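Working notes, beginning with the structure itself.
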Amino acid sequence: MVCSRSVLGALALGFTLFSSPALALDQGCFNYRAEKPKPLRAPLPLIPNKTNAAFGELDHGVGWGAARAVINKPIQYVLDKFLDHRVVKDMSKTKLTVESEVVPGYLALHKVNLNVDVASFITIRWKEEWAYILEEGTAKAPKRMHLYYQKIDGSRHIQHLCGEFILVARDANSTDVYLYEQLRATRRSADATMRMHQSTLDKLRTGKYETPSAAPVATSNDSKSGS
């Protein structure tokens, strides 16, 4: 999520937009304002010096993919990449805006509006909501962060989308990063979700992204609230 949301580059190649049967839309996994989110799935074990990745199926046609590895970057570096939603999306096809909201108990809460051009005449639109929870440390020196995200509105071709990332500082220059997403979407496999997370970890390692992150994305009501 993180998605290169090339989720939708891949999604789109096989879209049968006008012949697919309508499916019930999902209402998401979390209610951030009512209660703190609960983890979706126990993290994969950490395997020294390599990426641990896996995928599988849940009920109702929902697939999941996950990956975990130690990245030789400070936790603040990794967190900044996930606060800037452009760095894990294909910005050659994607337009997005971010609304930042102050909610007590969260380091940040973002609503992300996404428009992805999947073909010359097809644009997929949906909205995600991201919550950033500081679990250890301070806002200026985090030691453990838990990020949750979900689709809250938009395209019927994404029937279910929820995920979580866990960032844990191992020392000043390395971070344990766990990425998980569960998804039901047109022509999208659980294996593809796993590979997306592997790609995100590779980007964090190398610093090579599809778009630079020099300037912040425009926001409204932009401010932070720490716990």
Side-chain angles (χ1 to χ4, degrees), residues 1-7 37 39 43-53 65-92 94 96-103 105-112 114 128-149 163-181 193-219 222-227:
M1 126 259 232
V2 183
C3 16
S4 156
R5 264 358 130 223
S6 317
V7 157
L44 299 176
L46 183 63
I47 300 177
N49 303 315
K50 67 176 294 187
T51 297
N52 188 9
R68 184 178 182 182
V70 172
I71 304 299
N72 291 322
K73 302 286 186 180
I75 189 172
Q76 189 64 59
Y77 171 92
V78 178
L79 176 59
D80 287 346
K81 297 306 176 188
F82 290 133
L83 283 164
D84 184 340
H85 299 272
R86 299 171 300 168
V87 300
V88 287
K89 295 173 174 62
D90 182 353
M91 295 306 295
S92 68
T94 303
L96 64 81
T97 59
V98 179
E99 304 165 30
S100 182
E101 187 176 345
V102 175
V103 177
Y106 294 94
L107 186 70
L109 189 70
H110 291 172
K111 288 183 179 177
V112 186
L114 296 129
E128 296 173 2
E129 192 172 41
W130 286 65
Y132 300 77
I133 299 175
L134 176 67
E135 294 185 333
E136 292 182 26
T138 67
K140 293 184 177 180
K143 294 182 178 179
R144 180 184 173 95
M145 291 292 307
H146 209 138
L147 286 53
Y148 296 89
Y149 63 93
E164 63 180 321
F165 301 163
I166 301 173
L167 316 178
V168 181
R170 289 171 62 87
D171 55 39
N173 295 301
S174 65
T175 306
D176 178 359
V177 180
Y178 170 67
L179 311 177
Y180 172 86
E181 181 174 289
T193 300
M194 178 193 72
R195 287 185 278 107
M196 176 187 72
H197 290 321
Q198 291 173 307
S199 175
T200 296
L201 292 173
D202 287 341
K203 292 174 186 177
L204 291 171
R205 287 188 185 99
T206 63
K208 295 179 180 178
Y209 302 96
E210 288 144 339
T211 183
S213 180
V217 179
T219 65
D222 190 15
S223 55
K224 292 183 179 180
S225 174
S227 56

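All heavy atoms count here, side chains included; hydrogens, waters and symmetry mates do not. These numbers come from a predicted model, not from an experiment.
Counting only heavy atoms from C-beta outward, the side chains of Pro39 and Tyr180 never approach each other to under 4.5 Å. The side-chain heavy atoms of Met194 and His197, taken from C-beta on, include no pair separated by under 4.5 Å.
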**Message:** One pair to check against side-chain contact (heavy atoms from CB on, under 4.5 Å): Lys50 and Ile47. What are the steps and the verdict?
**Reply:** CA-CA 6 Å; Lys50 67 176 294 187; Ile47 300 177; 3.2 Å; yes
**Prompt:** Going through the checks in order, is the side-chain contact (heavy atoms from CB on, under 4.5 Å) test met by Val102 and Leu109?
**Reply:** CA-CA 7 Å; Val102 175; Leu109 189 70; over 6 Å; no
**Asked** Could you go step by step and tell me if Lys143 and Glu136 meet the salt bridge (Lys or Arg N to Asp or Glu O under 4.0 Å) rule?
**Response** CA-CA 5 Å; Lys143 294 182 178 179; Glu136 292 182 26; over 6 Å; no
**Request:** Determine, step by step, whether Thr200 and Arg205 satisfy the side-chain hydrogen bond (donor to acceptor under 3.5 Å, both in side chains) criterion, reporting the C-alpha distance in whole Å, the side-chain angles of both residues, the deciding distance to 0.1 Å, and the verdict.
**Result:** CA-CA 9 Å; Thr200 296; Arg205 287 188 185 99; over 6 Å; no
**Request:** Evaluate side-chain contact (heavy atoms from CB on, under 4.5 Å) for Thr97 paired with Val112, printing each intermediate quantity in order.
**Result:** CA-CA 6 Å; Thr97 59; Val112 186; over 6 Å; no
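Distance alone, capped at 3.5 Å, is enough to place a donor-acceptor pair between the Tyr132 side chain and the Phe82 backbone. Judged by distance alone, with hydrogens and angles left aside, the side-chain atoms of Ser174 form no donor-acceptor pair with the main-chain N or O of Arg170 at under 3.5 Å.
Nearest heavy-atom pair across Lys203 and Lys208 is CG-O, 3.4 Å. Residues Leu46 and Pro48 approach most closely at O-CD, 3.8 Å, considering heavy atoms. The two residues Pro142 and Ala139 come nearest to each other via the heavy atoms CD-O, 3.9 Å. Minimum interatomic distance between Leu179 and Val177 (heavy atoms only, all atoms of both residues): CD2-CG1, 3.6 Å.
Here the OH atom belonging to Tyr178 is positioned 5.5 Å from the CD atom belonging to Glu164, to the nearest 0.5 angstrom.
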What pairs of donor and acceptor atoms, side-chain ones from residues 65-76 against any protein atom, are under 3.5 angstrom apart with sequence neighbours left out?
| from | atom 1 | to | atom 2 | distance (Å) |
| --- | --- | --- | --- | --- |
| Arg68 | NE | Asp176 | OD1 | 3.0 |
| Arg68 | NE | Asp176 | OD2 | 3.3 |
| Arg68 | NH1 | Leu44 | O | 2.6 |
| Arg68 | NH2 | Asp176 | OD2 | 2.6 |
| Gln76 | NE2 | Asp80 | OD1 | 2.9 |

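Tested against His110, the residues Glu99, His85, Glu128 include a single side chain to side chain donor-acceptor pair (under 3.5 Å) partner, His85. Screening Leu167, Thr175, Ile166, Ile133 against Met145 for a side chain to side chain contact (heavy atoms under 4.5 Å, CB included) leaves a single residue, Leu167.
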